[in-house]
Amino acid sequence: MTNDVNSPVAILDKEIAKYPLYTIETFELCDCCGARFGIGYHQACKSPSNSGQETDTLPKKLREMLAEDHGHDRKHKQFTEIWIIQNWDASAA
């Protein structure tokens, strides 16, 4: 976990109470095992998800990350940041 409060995060459903400073916006299930994760942002976030594109992208990226866990035979993290680079050219400038 980094100190970047603007990064979207995924928190395992049964662990959400341990992270009261995060606002959960939606939930997503692991396609492989059915584990439920809340997707949200730190309350201090200056730009939480407000675009429809990001709202669709975050659950998809999380499902990919969770599938990779199963592909590498590792347990899901209880808390993880969801990194998405929207436009590589713009971020590299």
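Position 1 is the first residue of the sequence, and the numbers go up from there. Note that the structure is predicted; figures quoted are calculated from it, not measured.
Judged by distance alone, with hydrogens and angles left aside, the side-chain atoms of Gln43 form a donor-acceptor pair with the main-chain N or O of Pro20 at under 3.5 Å. Side-chain N or O atoms of His42 include one that pairs as donor or acceptor with a backbone N or O of Ala44 at under 3.5 Å.
The shortest distance between side-chain heavy atoms of Pro8 and Glu25 does not fall below 4.5 Å. The side-chain heavy atoms of Tyr41 and Val9, taken from C-beta on, include no pair separated by under 4.5 Å. For the pair Leu12 and His76, the minimum side-chain heavy-atom distance is 4.5 Å or more.
Lys77 and Phe37 make their closest contact through O-CE2, 3.5 Å (heavy atoms, listed as atom of the first residue, atom of the second, distance). Contact between Cys32 and Ala67 at its shortest, heavy atoms only, is SG-CA, 4.5 Å. Across all non-hydrogen atoms, the minimal contact from Ile82 to Ala10 is CD1-CB, 3.9 Å. Minimum interatomic distance between Ile24 and Thr26 (heavy atoms only, all atoms of both residues): CG2-O, 3.4 Å.
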* To do: For side-chain contact (heavy atoms from CB on, under 4.5 Å), just list the numbers for Asp69 and Lys75, CA-CA rounded to whole Å, side-chain angles, deciding distance to a tenth of an Å, and then say yes or no.
  => CA-CA 6 Å; Asp69 286 345; Lys75 293 176 71 172; over 6 Å; no
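Checked against a 6.0 Å centroid threshold, the rings of Tyr19 and Phe79 count as neighbours.
Atoms CD1 and OG1, on Ile16 and Thr23 in that order, are 11.0 Å from each other to the nearest 0.5 Å. Glu28 contributes atom CD, which lies 10.5 Å from atom CZ of Arg36 (distance to the nearest 0.5 angstrom). Taking SG from Cys30 and CZ from Arg63, the interatomic distance works out to 10.0 Å, rounded to the nearest 0.5 Å.
Cluster annotation: Ile39 and Leu29 are assigned to distinct hydrophobic clusters (Ile/Leu/Val/Met/Phe/Trp/Tyr, side-chain heavy-atom contacts under 4.5 Å, transitive).
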